[in-house]
Amino acid sequence: MKRLLILASLSAALMTSGCITVIDADSDDAAWHGNNAQPFDAARADCDERTEGRDAFRACMAEKGWTRN
């Protein structure tokens, strides 16, 4: 039983670490620049909710004062 619990925990840890790597691989928050912009985290969350696709997301962020280089 103890061996099964350890194996299940290890398996879950490996599966979630893979997901984090995939999600973070495209995320580069340092590339965004804003001048008199809304707070970044709130702007990103709102644009994530309201848009689909990279171009729409960038347009939404631009409306909030953020540009990506």
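Everything numeric in this text was worked out from a predicted model, so none of it was measured.
Listed here is the closest heavy atom pair of T51 and F57: OG1-CA, 3.7 Å. Nearest heavy atoms, E52 versus A56: O-CB, 3.6 Å. Nearest heavy-atom pair across G65 and A37 is O-CB, 3.4 Å.
Under the 30°/60° scheme for interplanar angles, the aromatic rings of W32 and F40 are found to be tilted.
The structure places CD of Q38 at 8.0 Å from SG of C47, a figure rounded to the nearest 0.5 Å.
With hydrogens and angles ignored, the 3.5 Å screen pairs no side-chain donor or acceptor of W66 with any backbone N or O of R58.
Residues passing the salt bridge (charged side-chain N to carboxylate O under 4.0 Å, His left out) test with D46, sequence neighbours excluded: R50, K64.
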